[in-house]
There are 2 protein chains.
Amino acid sequence: MKRKIASAPTSAATAATAAPVELGARRQILNAAAKLLRHRGYEATTTRAIATAVGIKGGSIYHHFPSKDAIVGEVVNEGVRVVYDAVEKALSALPAKATPRRRLEAAIKAHLLSSLEHSNYTSASIRAFAFLPDSVRRDCRIERRRYEVLWEKLVSELYKAGLIDPEISPDSIRLLLLGALNWAGEWYRPDRMGIDDISRDFAASILRGK
Amino acid sequence: MKRKIASAPTSAATAATAAPVELGARRQILNAAAKLLRHRGYEATTTRAIATAVGIKGGSIYHHFPSKDAIVGEVVNEGVRVVYDAVEKALSALPAKATPRRRLEAAIKAHLLSSLEHSNYTSASIRAFAFLPDSVRRDCRIERRRYEVLWEKLVSELYKAGLIDPEISPDSIRLLLLGALNWAGEWYRPDRMGIDDISRDFAASILRGK
DNA sequence: CCTACCGATCGGTAGG
DNA sequence: CCTACCGATCGGTAGG
């Protein structure tokens, strides 16, 4: 069932009052690109496939974006931003007296929910990243570095609380954890173990007794 | 510096006596495909790029293989086999009285060495797998399952030795570990932390007390 | 936003 | 193992 793309709202007010929220053309294109990138990778995400998904012809994509890589770059960048925001929000939603263990569990769960359930942007930026053109990858170094720093702080809290053997390098802990989280898209199936259980197990795995 | 491909040895004896071992044409093609798959992914691994890498013309590839996917399938399958053999060999090389911790460290190290330093086949089968055509992925389900079982046994040893909290699911431990190992190709740089250190840290991270 | 097109490149084949 | 080619498809553009 295909529908023609809706013309972009002419103002924020228009967008806010439209009953079933009509997405702008740019947003629809980005959504379609994120979904394709997640499930089929960079090369298979053709401008024509994106166009077809939003109900327009191939050439019309270039009315909204200057190039394929401009679309891909925006998707990947937004993907990193989305997972950053999700983890940040999950952490600040916890009570001030939450234990470091609870904070770790919350961060893991937010990352997994974002990349497995909530956002094609996040999963696209994780799965498709490896073989993206260098120019696109350079464009999101800053966002990615920012996300790394968030985890460096979180891991550092765990050490201060004495929950991790001080002989283990904090880099190892972070790489172990984020690696396992980023790889989850390769095996996760919604009907098997739930994200709550995975998060609890992953946190418990790296924290030492009590 | 390009050289024409060597004609395949006409017998095993010929191959064994050639002074600097000349690889058969099929092997050269597989090697080139593995390297391309590892570094540039499935779609960028074109039959013409493979041919150029071994010094022949595009069409000549089809004298040795019936299709691109036949080449890719063989590379990916061999990649799984190579890492399986590496881990298996590392484990059986240990003294019979080696602790479960040593066995875990050895298995981790063998997986990382295979996928990061020794084998383009292993790294290709890990990095490129996600976006491979379904037909190719089906072809190596058996090998991959076999590798999973090896790790299931290894993890089970850790539980029996009381090195892991029995409240954590063994699946979680295996997925955490293999996920982190498979993702290592995305951040590992030979000039930073060595594989020995990473292996020791990863093993220590998930083992409790002691 | 569409039609119609560009040059380049893809996997694969015929025939030698 | 090569030359020469096939139909299909790619990212992108002109002109409306």
Side-chain angles (χ1 to χ4, degrees), chain A residues 2-10 22-33 36-37 40-76 128 131-137 139, chain B residues 2-10 22-34 36-37 39-76 128 131-137 139:
Chain A
K2 289 283 169 41
R3 283 179 56 259
K4 275 293 186 68
I5 201 166
S7 56
T10 51
E22 283 286 5
L23 285 75
R26 272 182 59 91
R27 179 51 58 186
Q28 287 188 57
I29 289 170
L30 291 171
N31 286 352
L36 281 163
L37 273 173
R40 307 178 20 85
Y42 174 77
E43 319 261 3
T45 302
T46 65
T47 54
R48 283 169 176 82
I50 297 170
T52 300
V54 302
I56 62 178
K57 299 294 179 183
S60 304
I61 287 283
Y62 295 89
H63 181 71
H64 303 281
F65 293 91
S67 69
K68 167 179 173 172
D69 284 355
I71 302 174
V72 172
E74 219 162 296
V75 167
V76 174
F131 302 127
L132 254 33
D134 288 341
S135 58
V136 176
R137 301 173 56 161
D139 275 348
Chain B
K2 289 283 168 40
R3 285 177 55 258
K4 274 293 185 67
I5 201 169
S7 56
T10 51
E22 282 287 4
L23 284 76
R26 270 182 60 91
R27 178 52 57 187
Q28 287 189 55
I29 289 171
L30 291 171
N31 285 351
L36 280 163
L37 274 173
H39 291 110
R40 304 174 28 81
Y42 174 77
E43 318 262 3
T45 303
T46 66
T47 54
R48 283 168 175 83
I50 298 170
T52 301
V54 302
I56 62 178
K57 300 294 179 183
S60 305
I61 286 283
Y62 294 89
H63 180 70
H64 301 281
F65 292 91
S67 70
K68 166 178 173 174
D69 283 355
I71 302 174
V72 172
E74 220 162 295
V75 166
V76 173
F131 301 128
L132 254 33
D134 288 341
S135 57
V136 176
R137 300 172 57 162
D139 275 349

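Both backbone and side-chain heavy atoms feed into the values below; hydrogens, waters and symmetry mates do not. Just so we're on the same page: letters track the sequence lines, and every chain starts at 1. Predicted, not measured: the structure shown is a model, and the values here were computed from it.
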Watson-Crick or G-U wobble partner for D:dG15, using a 3.5 Å limit on both distances?
-> C:dC2
Between A:H63 (NE2) and C:dT3 (P), how many Å, whole number?
-> 16 Å
Interatomic spacing from CD1 in A:I61 to CD1 in A:I56 - rounded to 0.5 Å = 4.5 Å
Taking C:dG12, D:dC1, C:dG11 as options, the one with an atom nearest any side-chain atom of B:A25 is D:dC1
CD1-CD1 distance between B:I50 and B:I29, expressed to the nearest 0.5 angstrom = 8.0 Å
Starting at CG of A:L36 and ending at P of D:dG11, how long is that distance when rounded to a whole Å?
-> 11 Å
How long is the span from the OG1 atom in A:T46 to the CG atom in A:L36, to the nearest 0.5 Å?
-> 7.5 Å
Scanning all shown strands, the Watson-Crick or wobble mate of C:dC10 with both distances under 3.5 Å is D:dG7
For the pair B:Q28 (side chain) and B:L23 (backbone), establish whether a donor and an acceptor sit closer than 3.5 Å, ignoring hydrogens and angles.
-> yes
Among D:dC1, C:dC1, C:dG11, the one nearest any side-chain atom of A:I56 is C:dC1
Residue pair A:G59/B:G59 against DNA chain D: nearer the 5' end by closest nucleotide is B:G59
Nearest listed nucleotide, side chain of A:Y62, among C:dC1, C:dC10, D:dG11 = D:dG11
Find the distance A:I61:CD1 to D:dC10:P and express it as a whole number of Å.
-> 13 Å
Rounded to the nearest Å, what distance is computed from the CZ atom of residue A:R48 to the P atom of nucleotide C:dT3?
-> 13 Å
Whole Å only: how far is the CD1 atom of A:I50 from the C1' atom of D:dG11?
-> 11 Å
Rounding to a whole Å, what distance do you find between B:R40:CZ and C:dT9:P?
-> 12 Å
Does B:K68 count as lying over the ring of B:Y42, i.e. NZ or CZ under 6.0 Å from the six-ring centre, within 45 degrees of the axis?
-> yes
Between P of C:dC10 and CD1 of B:I71, the distance in whole Å = 14 Å
Report the distance from atom NZ of A:K57 to atom C1' of D:dG15, rounded to the nearest whole Å.
-> 18 Å
